[in-house]
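Okay, structure first, notes after.
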Amino acid sequence: MSQTLVIVESPAKAKTIKKYLGPGFEVLASYGHVRDLIPKDGAVDTAHDFAMQYTLIDKNVRHVDAIKKALKSADTLLLATDPDREGEAISWHLYELLNDANLLKNKTARRVVFYEITKKAVQEAVAHPRDLSGDLINAQQARRALDYLVGFNLSPLLWKKINPGLSAGRVQSPALRLIVEREQEIEAFKPQEYWTLTAACQSSAAEKSAFSARLLTLDGQKAEQFTLTNADDATQARERILSAADGRLTVGKVDKRERRRNPAPPFTTSTLQQEAVRKLGLSASRAMRLAQELYEGVDIGSGTIGLITYMRTDAVTLSNDAITEIRAHIGDKYGAPYLPASPVQYKTKSKNAQEAHEAIRPTSVANTPEAVRAFLNKDQFRLYEMIFKRAVASQMTPAVFDQVSVDLAAGPDHTFRATGSTLKFPGFIALYREDEDDKAGDSDEDRRLPPLVEGDAVALNDVAADQHFTEPPPRFTEASLVKTLEEYGIGRPSTYASIISTLQAREYVVLEQRRFQPTDMGRVVNGFLTEYFRDIVDYEFTAKLEDDLDAVSRGERDWVPLMRAFWGPFHDRIADTAENVSRQDAAQGRELGIDPKSGKPVSVRLGRFGPFAQIGTKDDEEKPKFASLKRSQSIATITLEEALDLFQLPRKLGETPEGEPVEANIGRFGPYVKFGKSYASLSKDDDPYTIDLARALVIIETKKLAEKNRVIAEFDDGISVLNGRYGPYITDGNKNAKIPKDREPKTLTHAECVELLAAAPEKKKTTRGKAAAAKSTKATAEKKPAARKSTAKSTTTAKKAAAPAGDDAAPPKKTTRSRKTTGTPPAASE
């Protein structure tokens, strides 16, 4: 009996598909990508048509070996990775590996794609295999090469000119620019005062006849032609209106009309991420992981099945089978009034939406949210319910509103307008309503006006004058950032989640109250790229490059000329910037003014260990003074006065009862108090700039008590038994030894401690080389400023950091970076 080997990307998908295919088929997982570019310079040979050198990914060696072993007993290989250019590339890489190993001789190797993991879809795909798509593979190759060339050339330049461990990306950097420029707009914004006038009206004595109306014309001028900019103007206008109205308004034009609101189309990758952020409070990356789980398959009691179609798609269309099933569901559950006479058709905007043939939808509406709830975790259920409702609602009738607009005259020269809107028929709103970011609010919706007829008189109870101020543009949320990236054509929807994760991992941005704010590091990196590599962060250039890559995927362009057109100018600019731009220029320092005491200039800039203020310059006879910025301060917004306040440290607070001098300062591990020759770290609620002696003494006593409790036993030759971070241990200052579990630490004798120390392994030597140590010593001698204590761990240093693999790559693991100090660090306060 012939054997067919099917390769998918994940083991969860493999398990589901194996059940659908049955005997004669073996299904294995590649566990994602099997090959990647070698992680060093030269992996893309720019001199020879961008030839690319690949290597097997270490963590997937055993999975590839399993595939090789299974292929030996198979006649046919079906490559069934995801139905997009990434999936096409994974299949191609695996094909190349197997072919190079001479394992495809006399075997059939084909490509199959399916957009939902259901029995019907999988069996149909297997019955209609195709060849690998060279166009999709070339597009992915070009994308990967571009990301590599940007990462391996631009990131080391950032390390050299700004700080180790930084990265720049072809798509990541324009996204950072959006956030930074929005923050700059907010900082430059000047609020403008304005006033509004609102009439409190009543058509009869009945309580429900009260309503409000906004000012439409004043002194014969329409509202858009005038602005009430201060209280005096508003008060005088109010008095003119009240005088002209004499307690009543006359009903003028009454406009009644029916308004229809159409349902939103079913989800694409982008709109799914946006709505998951707004409606469910999930991050974009979390939403995509959950969608992957729903796509790959969930055991719903009757067996494992993929609950949704492929979640990486730009299309808003639905298959005819899906529409038929959805329409039947609507008719059965909601009735004929909720079912349009013909299917609702949506037009896909993306020029390259062929990567997936449908929007995201449930694979079967028979699997209602209620029916599968017991088999899903909380977040899986919430996301599935939203996908289900959005897809079904997209095929329902519009919501119908009765909208009324009434003009009310206050004398001949002043007019108010009242509007109301009531839901006449819910249509799709009975199932699903789309959320929005920063919506102004539809105040007229579901607001009824009393019956009003032209010529009627209504009572004018009062005219309220309200003060307002114009507001700056809002900071980006994850949802609005994803939406803006899509509008600009930056990147692909499938990369948005990783772009956002990378920006946060690199500490270029922070998420405060669900809004993105750039860090000083993010501002400096963006400023450097904007100044010297405008194309990399230019929105139109980035979008045009995406269009070019899409053209490659459609077979309309050759990828090698595209690469040449990018690489030449980019390479020249890298070389020019490396040669002619100084580290000081790249750091983009900001002059604040003159120190009144010394007469020297005061500036702020980003240093290796964080943002700091400086009094004086390197050309002065005396060395400049340095002070780290507080966590709440930014290079872009700090004032001269705030910067000068930073030089209060170290602050002398007084003495301990034993006569030891006490001072507050900031060191490499954060703020601390020093007493005599000892140190104690401050808590996150203590500020070295404001802490008083009484509070410092409490911290010192707490530290002394902890030190006292730390010592279990001490011997004359320096051997001690101590309470450590991970439990009791023995030390002589050079070696540490574990204490046997069956021994009480207090009862250990000196001889036993000596024996245990002798048997203990030697301490591991530090991996830091002589050059690094010398550099650190030199930096200490120069007394550079201390870094402010970060709210998140820093990325690894340039020496250990691999150059980024591109915008689609997962952010690297982070390690705590050592920091410079202005004084001796707390000895035992970590």
Side-chain angles (χ1 to χ4, degrees), residues 1-36 54-133 136-137 292-312 363:
M1 182 177 180
S2 63
Q3 180 81 6
T4 299
L5 177 62
V6 182
I7 305 300
V8 295
E9 289 186 40
S10 75
K13 194 190 299 186
K15 181 180 177 182
T16 307
I17 292 172
K18 170 69 174 173
K19 180 188 67 174
Y20 297 147
L21 295 178
F25 289 87
E26 177 64 27
V27 186
L28 294 179
S30 71
Y31 288 78
H33 282 276
V34 294
R35 289 198 310 183
D36 199 3
Y54 289 100
T55 185
L56 188 60
I57 297 173
D58 287 343
K59 67 177 183 179
N60 280 349
V61 170
R62 63 189 182 96
H63 305 306
V64 172
D65 286 344
I67 291 171
K68 288 180 176 178
K69 182 178 179 181
L71 184 59
K72 291 177 181 179
S73 58
D75 301 307
T76 302
L77 173 67
L78 294 181
L79 300 163
T81 49
D82 287 347
D84 55 17
R85 65 180 76 166
E86 282 290 306
E88 202 75 16
I90 292 172
S91 286
W92 174 74
H93 281 298
L94 190 57
Y95 177 90
E96 291 286 296
L97 279 172
L98 298 175
N99 193 47
D100 289 345
N102 203 30
L103 292 173
L104 293 178
K105 189 176 181 180
N106 300 322
K107 299 182 188 291
T108 301
R110 303 296 300 280
R111 173 83 164 110
V112 297
V113 294
F114 40 81
Y115 298 88
E116 58 186 74
I117 302 179
T118 59
K119 187 173 184 178
K120 178 182 177 182
V122 171
Q123 290 182 344
E124 283 189 0
V126 170
H128 299 90
R130 63 167 172 79
D131 293 329
L132 286 164
S133 169
L136 288 178
I137 294 166
Q292 183 86 32
E293 292 167 5
L294 296 173
Y295 165 70
E296 290 184 348
V298 176
D299 188 345
I300 58 172
S302 57
T304 302
I305 186 173
L307 288 178
I308 64 170
T309 53
Y310 191 54
M311 65 288 163
R312 294 187 180 93
T363 53

Exercise. Under the side chain to side chain donor-acceptor pair (under 3.5 Å) rule, collect the residues that match up with H63, sequence neighbours excluded.
Key: none
Exercise. Taking all heavy atoms of I67 and all of A29, pick out the closest pair and write down the distance.
Key: CD1-O, 4.1 Å
Quiz item: Among L5, V6, V64, which residue meets the side-chain contact (heavy atoms from CB on, under 4.5 Å) test with L28?
Solution: L5
Quiz prompt | Which atom of V8 lies closest to which atom of A80, heavy atoms considered | solution = CG1-O, 3.7 Å
Quiz item: For D100, does the CG atom have more than 12 heavy-atom neighbours from other residues, nucleotides or ligands under 6.0 Å away?
Solution: yes
Quiz item: So how far is it from L94 CG to E96 CD, rounded to the nearest 0.5 Å?
Solution: 10.0 Å
Exercise. Locate the shortest heavy-atom distance separating E116 from V122; write the atom from each residue and the value.
Key: O-CG2, 4.4 Å
Quiz item: Does the side chain of D131 come within less than 4.5 Å of R110's, by heavy atoms?
Solution: yes
Exercise. Taking E26 for its side chain and A70 for its backbone only, find out whether a donor-acceptor pair lies under 3.5 Å.
Key: no
Practice problem: Indicate yes or no for a side-chain donor-acceptor contact from K107 to the backbone of A74 under 3.5 Å, with no hydrogens or angles considered. | Solution: yes
Practice problem: Please confirm whether R35 makes a cation-pi placement over W92, using NZ or CZ under 6.0 Å from the six-membered ring centre and within 45° of the ring normal. | Solution: yes
Quiz item: Do K69 and D65 have side chains that get closer than 4.5 Å, going by heavy atoms?
Solution: no
Quiz item: When you look at L104 and L71, which way does the side-chain contact (heavy atoms from CB on, under 4.5 Å) test go after all the steps?
Solution: CA-CA 8 Å; L104 293 178; L71 184 59; 3.8 Å; yes
Quiz item: Counting distance only, does the side-chain N/O of D82 pair as donor-acceptor with the main-chain N or O of D84 below 3.5 Å?
Solution: no
Quiz item: Residues two or more places apart in sequence or in another chain: which of them pass ring pair (Phe, Tyr, Trp, His ring centres under 6.0 Å) with H33?
Solution: none
Quiz prompt | Side chain R130, main chain R111, donor-acceptor under 3.5 Å | solution = no
Self-check item: Heavy-atom neighbours of F114 CZ exceed 12 at 6.0 Å
Solution: yes
Practice problem: Go through the structure and list residues passing side chain to side chain donor-acceptor pair (under 3.5 Å) with T76, not counting sequence neighbours. | Solution: none
Quiz item: Can you name the side chain to side chain donor-acceptor pair (under 3.5 Å) partners of K120, sequence neighbours left out?
Solution: D321
Quiz item: What are the two closest heavy atoms between G32 and I90, and how far apart are they?
Solution: O-CG2, 3.6 Å
Quiz item: Do Y20 and V126 touch side chain to side chain, with heavy atoms closer than 4.5 Å?
Solution: no
Quiz prompt | Between NE2 on residue H93 and CG on residue N60, distance to nearest 0.5 Å | solution = 12.0 Å
Quiz item: Distance from L307 atom CG to T118 atom OG1, nearest 0.5 Å?
Solution: 11.0 Å
Quiz prompt | Nearest-0.5 Å distance, OH of residue Y95 to CG of residue L77 | solution = 9.0 Å
Quiz item: Given the rule in the side-chain contact (heavy atoms from CB on, under 4.5 Å) test, do T363 and I117 qualify, once you have shown the distances and angles that lead to the verdict?
Solution: CA-CA 8 Å; T363 53; I117 302 179; over 6 Å; no
Practice problem: Find the distance between CG (L78) and CZ (F25) and round it off to the nearest 0.5 Å. | Solution: 7.0 Å
Would you list the atom pairs, donor with acceptor, under 3.5 Å between side chains in residues 293-306 and any protein atom, with sequence neighbours excluded?
unit_1 : atom_1 : unit_2 : atom_2 : d
E293   : OE1    : Q380   : NE2    : 2.8
E296   : OE1    : S10    : OG     : 3.0
E296   : OE2    : S10    : OG     : 2.8
E296   : OE2    : Q292   : NE2    : 2.7
D299   : OD1    : G301   : N      : 3.0

Exercise. Could I get the full list of side chain to side chain donor-acceptor pair (under 3.5 Å) partners for S91, not counting sequence neighbours?
Key: T81
